**Student:** 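Below is the structure I would like to discuss, written out as structure tokens.
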Amino acid sequence: MSKKIFIKTFGCQMNEYDSNRIFDSVKKIGFFKTEDIEEANCYLLNTCHIRDKAKEKVYHEIGRLKKNFRYKKKPIVIVTGCVAQAENEEMIKREPYIDLIIGPQSYHKINNKIEEFLDKQKKIDETEFEAIQKFDYLNKIKNSSNKVSSFLTIQEGCDKFCHFCVVPFTRGPEYSRPFNQIIEEAKNLAENGVKEITLLGQNVNAYQDNKSKLSDLIIEIEKIPEIVRIRYTTSHPRDMTDDLIEVYKFSKKLMPLIHLPVQTGSNKILKLMNRKHLISDYIRTYEKLKNINPRIEFSSDFIIAYPGESDDDFMATFNLIKNIKFINSFSFIFSPRPGTTASNLDLIDKKISLERLEKVQKQLFNHQIAMNKSLENREIEVLVENKTEKSAQFFGRSEYMTPVIFDGNDKEVGSIIKVKVKSSNQNTLFGISSNKLEKKVA
Ligand code: SAM
Ligand code: SF4
Ligand code: F3S
């Protein structure tokens with residue numbers, strides 16, 4: 001019997017990275033990946049717990065799966081990720097269709113656990129925090145990602161305990177992978193054909209291995225000739241240290257978009273959130289970076305209607321957005337998460353929350369639209385990722401991560417090329433490769 005695994009991923013980039021690494025692991029015990037759920041004999045749901053009814057979403061997905069397999073032999077059902085960690089064996093009790101629960105720090109055990117299940121047909125819950133063993137194990141299995149742009153997890157977990165956030169509970173304490181292990185993985189990705197690496201961590205700029213910091217990692221990865229672009233996410237404002245800021249003075253590969261979540265523009269709310277910095281600290285970092293390179297732009301995450309947010313607090317957020325002109329940001333209404341300090345606080349009226357969210361999003365979208373419009377009729381640098389499925393056009397990203405759809409040619413995939421932007425909308429730029437333009441003129 002051929003073993004086919006279908007993997008569905010919710011949540012952040014780290015979950016995407018994890019899903020790929022899980023597949024690299026299960027390949028060793030004979031699994032192939034399938035995109036067709038109907039032919040899967042193993043179904044893996046990699047879950048996210050950050051907002052809303054995450055838990056219910058999982059049961060809903062499993063319900064759909066059950067329907068798909070009503071008249072067929074059931075696949076092995078594995079739930080991984082942050083809901084698996086938060087809910088553990090409760091999930092199997094509530095939904096016996098689930099066979100294995102594996103938390104984010106136990107992925108190194110996945111092959112053994114699947115084989116154990118196949119052997120004994122006994123349900124398994126594996127949710128220990130063992131980050132060191134996990135990365136030691138995964139390091140021995142080559143990262144097979146060969147996408148032009150790939151993720152590389154360098155740090156996991158969080159010790160900051162912002163009052164709204166489940167991550168310290170689902171991903172465990174902060175752990176930084178050994179420096180050499182990361183460089184080895186980056187070189188391996190480069191050999192696979194990867195051109196852009198995004199370094200990942202829940203607090204990526206808190207990375208520290210002995211004396212090595214994120215800035216040292218960037219400097220070392222910059223030396224890999226095949227890697228042409230470097231990004232990192234997600235940073236915490238408190239860890240935006242001068243050594244990292246200094247790298248922007250000389251780096252040729254670090255992209256000029258910094259995702260630096262501020263969450264709110266109000267010092268009072270920052271304090272209630274336990275963010276441990278002030279808006280003035282954030283602005284100082286912003287100014288230092290802008291002074292080094294005025295082309296640097298910022299994106300952020302915002303939590304709107306956090307308990308206690310007055311009209312004035314909200315306006316402070318709104319004005320900060322107007323001043324910094326963030327691009328590509330995420331904004332959500334506060335969602336109480338079980339087990340966190342803020343879980344039982346009084347919520348702001350739903351109508352007011354929605355009105356505030358709308359106002360903020362409109363402003364954020366205006367910045368995005370204005371930024372994209374300003375690029376029309378100009379040439380920008382694009383890293384070409386692939387040909388689009390539907391049309392014969394190509395897909396790439398600008399330095400600021402904006403998707404670019406353009407007329408180009410196959411040879412350009414994997415290279416940074418110049419694209420003349422012809423038009424734009426809120427999310428995308430449209431244009432033509434300058435190589436093609438030159439040919440047209442010739
Ligand atoms: N470590 C990053 C930081 O400190 O900014 C954030 C990581 S978290 C995975 C991503 C984003 O989810 C946060 O920046 C926050 O805006 C959002 N988030 C987390 N908990 C939330 C909650 N309870 N309600 C709404 N948004 C939330
Ligand atoms: Fe969550 Fe980020 Fe705060 Fe950690 S620093 S608790 S990951 S929001
Ligand atoms: Fe979600 Fe866990 Fe990432 S809660 S955002 S998958 S760290």
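These figures come from a predicted structure and were not determined experimentally. One-based numbering, in listed order, for ligands and for the atoms of each.
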**Student:** Is a donor from one side chain sitting under 3.5 angstrom from an acceptor on the other, for Gln105 and Glu156?
**Tutor:**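 The criterion, which ignores hydrogens and geometry beyond distance, is satisfied for Glu156 and Gln105.
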**Student:** Both conditions, 6.0 Å and 45 degrees, for the charged tip of Arg21 above the ring of Tyr107: are they met here?
**Tutor:**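 No, a cation-pi geometry is absent between Arg21 and Tyr107.
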**Student:** Relative to the heavy atoms of Ile333, which atoms of ligand 1 are at a distance of less than 4.0 Å?
**Tutor:**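 What qualifies from ligand 1 is 25 (C).
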**Student:** Should you measure from each heavy atom of Phe164, which atoms of ligand 2 turn up under 4.0 Å away?
**Tutor:**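 Those of ligand 2 that fall under 4.0 Å from Phe164 are 8 (S).
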**Student:** For Ile141, does the CD1 atom have more than 12 heavy-atom neighbours from other residues, nucleotides or ligands under 6.0 Å away?
**Tutor:**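 Yes - once you tally the heavy atoms of other residues, nucleotides and ligands closer than 6.0 Å, there are more than 12.
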**Student:** Would you mind writing out the side-chain donor-acceptor pairs for residues 254-267 within the sub-3.5 Å range, not counting sequence neighbours?
**Tutor:**
| unit_1 | atom_1 | unit_2 | atom_2 | d |
| --- | --- | --- | --- | --- |
| His259 | ND1 | Ser299 | OG | 2.8 |
| His259 | NE2 | Asp301 | OD1 | 3.0 |
| Thr264 | OG1 | Ser266 | N | 3.0 |
| Thr264 | OG1 | Thr317 | OG1 | 3.4 |
| Ser266 | OG | Lys268 | N | 3.2 |
| Ser266 | OG | Ile269 | N | 3.0 |
| Ser266 | OG | Asp313 | OD1 | 2.9 |
| Asn267 | OD1 | Ile279 | N | 2.8 |

**Student:** List ligand 1 atoms under 4.0 Å from Arg337, heavy atoms only on the residue side.
**Tutor:**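 Selected atoms, number and element: 23 (N).
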**Student:** Taking N or O atoms only and a 3.5 Å limit, does Cys165 qualify as a polar contact for ligand 1?
**Tutor:**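 Between Cys165 and ligand 1, no N or O pair is found under 3.5 Å apart.
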**Student:** Can you pull out the closest protein heavy atom to atom 17 (C) of ligand 1? Residue, atom name and distance to 0.1 Å, please.
**Tutor:**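 Residue, atom and distance for the closest contact: Arg51 NH1, 3.5 Å.
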**Student:** Would you say that Leu289 contacts Ile245 through its side chain, given a criterion of any heavy-atom pair below 4.5 Å between the two side chains?
**Tutor:**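 Heavy-atom side-chain distance check passes, below 4.5 Å.
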**Student:** Which residue holds the protein heavy atom closest to atom 3 (C) of ligand 1, what is that atom called, and what is the gap in Å?
**Tutor:**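 Residue, atom and distance for the closest contact: Arg275 NH1, 3.6 Å.
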**Student:** What I want to check is whether the side chains of Asp243 and Ser215 have a donor and an acceptor closer together than 3.5 Å.
**Tutor:**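 Short answer, yes.
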**Student:** Assess the pair Phe31 and Phe6: is the distance between their ring centroids shorter than 6.0 Å?
**Tutor:**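 When the ring centroids of Phe31 and Phe6 are compared, they turn out to be at least 6.0 Å apart.
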**Student:** Answer yes or no on whether Lys72 is positioned over the face of Phe69, meaning its NZ or CZ is under 6.0 Å from the six-membered ring centre and within 45° of the axis.
**Tutor:**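 Checked: cation-pi criterion met.
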**Student:** Within the stated cut-off of 2.8 Å, is an N/O/S atom of Cys165 closer than that to atom 1 (Fe) of ligand 2?
**Tutor:**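 Given the 2.8 Å cut-off, Cys165 counts as a ligand of atom 1 (Fe) of ligand 2.
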**Student:** Applying a 4.0 Å heavy-atom criterion (strictly less than), which segment of Val166 is in contact with ligand 1: side chain, backbone, both, or neither?
**Tutor:**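 Contact part for Val166 vs ligand 1: neither.
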**Student:** Give the atoms of ligand 2, by number and element, whose distance to some non-hydrogen atom of Lys160 is under 4.0 Å.
**Tutor:**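 Every atom of ligand 2 under 4.0 Å from some heavy atom of Lys160: 5 (S).
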**Student:** Tell me whether atom 27 (C) of ligand 1 lies less than 4.0 Å from at least one protein heavy-atom position.
**Tutor:**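 Yes, at least one protein heavy atom sits under 4.0 Å from atom 27 (C) of ligand 1.
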**Student:** Distance under 4.0 Å to a non-hydrogen atom of Gln202: what atoms of ligand 3 satisfy this?
**Tutor:**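 Those qualifying, in numeric order: 7 (S).
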**Student:** Within a reach of under 6.0 Å around NZ of Lys4, are more than 12 heavy atoms found that belong to other residues, nucleotides or ligands?
**Tutor:**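 12 or below, so no.
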**Student:** Heavy-atom count check: over 12 atoms from other residues, nucleotides or ligands less than 6.0 Å from Lys27 NZ?
**Tutor:**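 Yes.
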**Student:** May I ask you to list the atoms of ligand 1 that are less than 4.0 angstrom from any heavy atom of His236?
**Tutor:**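 Answer, ordered by atom number: 4 (O).
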**Student:** Which ligand 2 atoms are under 4.0 Å away from a heavy-atom of Cys162?
**Tutor:**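 Close to Cys162: 3 (Fe), 5 (S), 6 (S), 8 (S).
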**Student:** Applying a 4.0 Å heavy-atom criterion (strictly less than), which segment of Gln202 is in contact with ligand 1: side chain, backbone, both, or neither?
**Tutor:**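 Answer for Gln202: backbone.
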**Student:** Give the contacting part of Thr234 toward ligand 2: side chain, backbone, both or neither, where contact means a heavy-atom distance below 4.0 Å.
**Tutor:**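 Neither part.
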**Student:** In the protein, what heavy atom is nearest to atom 20 (N) of ligand 1, and what distance, to one decimal place, separates them?
**Tutor:**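 Scanning the protein heavy atoms, the shortest distance from atom 20 (N) of ligand 1 goes to Phe164 CD1, 3.3 Å.
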**Student:** Judged by modelled atom types alone, do Ser145 and Asn20 share a side-chain donor-acceptor pair under 3.5 Å?
**Tutor:**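 No, no side-chain donor-acceptor contact under 3.5 Å.
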**Student:** Do the rings of Tyr286 and Phe298 sit parallel, tilted or perpendicular, given the 30° and 60° boundaries?
**Tutor:**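 Answer is tilted, since the angle falls between 30° and 60°.
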**Student:** Taking 2.8 Å as the upper limit, name the protein N, O or S atoms near atom 2 (Fe) of ligand 3.
**Tutor:**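 Those protein N, O or S atoms (cut-off: under 2.8 Å from atom 2 (Fe) of ligand 3) are Cys82 SG.
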**Student:** More than 12 heavy atoms of other residues, nucleotides or ligands under 6.0 Å from CZ of Phe330: yes or no?
**Tutor:**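 Counting neighbours around CZ of Phe330, 12 or fewer heavy atoms of other residues, nucleotides or ligands fall under 6.0 Å, so no.
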**Student:** Answer with side chain, backbone, both or neither: which part of Gln263 has a heavy atom less than 4.0 angstrom from an atom of ligand 1?
**Tutor:**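 Only the side chain of Gln263 comes within reach of ligand 1.
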**Student:** Classify the contact between Ile50 and ligand 1 as side chain, backbone, both or neither, using a heavy-atom distance cut-off of under 4.0 Å.
**Tutor:**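 Both backbone and side chain.
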**Student:** Output the distance between atom CG (Leu65) and atom OH (Tyr59), rounded to the nearest 0.5 Å.
**Tutor:**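 Going from the CG atom of Leu65 to the OH atom of Tyr59 covers 14.5 Å.
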**Student:** Can you find a heavy atom in the side chain of Phe302 that is under 4.5 Å from one in the side chain of Leu364?
**Tutor:**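 Touching, per the 4.5 Å side-chain cut-off.
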**Student:** Report, in ascending order of atom number, the atoms of ligand 2 lying under 4.0 Å from any heavy atom of Phe161.
**Tutor:**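 By the 4.0 Å cutoff, the relevant atoms are 6 (S).
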**Student:** To the nearest 0.1 Å, how far is atom 23 (N) of ligand 1 from its closest protein heavy atom, and which atom is that?
**Tutor:**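 Ranked first by proximity to atom 23 (N) of ligand 1 is Ser335 O, 2.7 Å.
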**Student:** Could you check whether any side-chain heavy atom of Thr340 comes within less than 4.5 Å of a side-chain heavy atom of His163, counting everything from C-beta outward?
**Tutor:**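 Sidechains of His163 and Thr340: no contact.
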**Student:** Which atoms of ligand 2 have any heavy atom of Val167 under 4.0 Å away?
**Tutor:**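 Within the 4.0 Å cut-off of Val167, ligand 2 contributes 7 (S).
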**Student:** Got the closest protein heavy atom to atom 6 (C) of ligand 1, with its distance?
**Tutor:**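 Ranking protein heavy atoms by distance from atom 6 (C) of ligand 1, first comes Thr234 CG2, 4.2 Å.
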**Student:** Could you check whether atom NZ of Lys187 has more than 12 heavy atoms from other residues, nucleotides or ligands sitting under 6.0 Å from it?
**Tutor:**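 Count not over threshold, so no.
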**Student:** Would you call Leu260 a ligand 1 contact, heavy-atom distance under 4.0 Å?
**Tutor:**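 Contact absent.
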**Student:** Of the options Lys160, Gln208, Lys213, which is the one that meets Asp239 in a side-chain hydrogen bond (donor to acceptor under 3.5 Å, both in side chains)?
**Tutor:**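 Option passing the side-chain hydrogen bond (donor to acceptor under 3.5 Å, both in side chains) with Asp239: Lys160.
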**Student:** Going by the atom numbers of ligand 2, which of them fall below 4.0 Å from some non-hydrogen atom of Cys158?
**Tutor:**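 Listed by number with element: 4 (Fe), 5 (S), 6 (S), 7 (S).
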**Student:** Got an N/O contact under 3.5 Å between Asp301 and ligand 1?
**Tutor:**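 In this structure, Asp301 places an N or O atom under 3.5 Å from an N or O of ligand 1.
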**Student:** Quick one: CZ on Phe10 to NZ on Lys57, what's the gap to the nearest 0.5 Å?
**Tutor:**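 Those atoms lie 5.0 Å apart.
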**Student:** I'd like to check which ligand 2 atoms, numbered from 1 as shown, lie under 4.0 Å from a non-hydrogen atom of Pro168.
**Tutor:**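 So the answer, numbered in order with elements, is 6 (S).
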**Student:** What atoms in ligand 2 come closer than 4.0 Å to a heavy atom of His236?
**Tutor:**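 Those atoms are 5 (S).
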**Student:** Between Lys290 and Glu287, is there a salt bridge with N-O shorter than 4.0 Å?
**Tutor:**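 Between Lys290 and Glu287 there is no salt bridge, as every charged N stays at least 4.0 Å from the carboxylate O atoms.
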**Student:** To which of Arg275, Arg337, Lys276, Met273 does the heavy atom nearest atom 8 (S) of ligand 2 belong?
**Tutor:**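 Answer by nearest heavy atom: Arg275.
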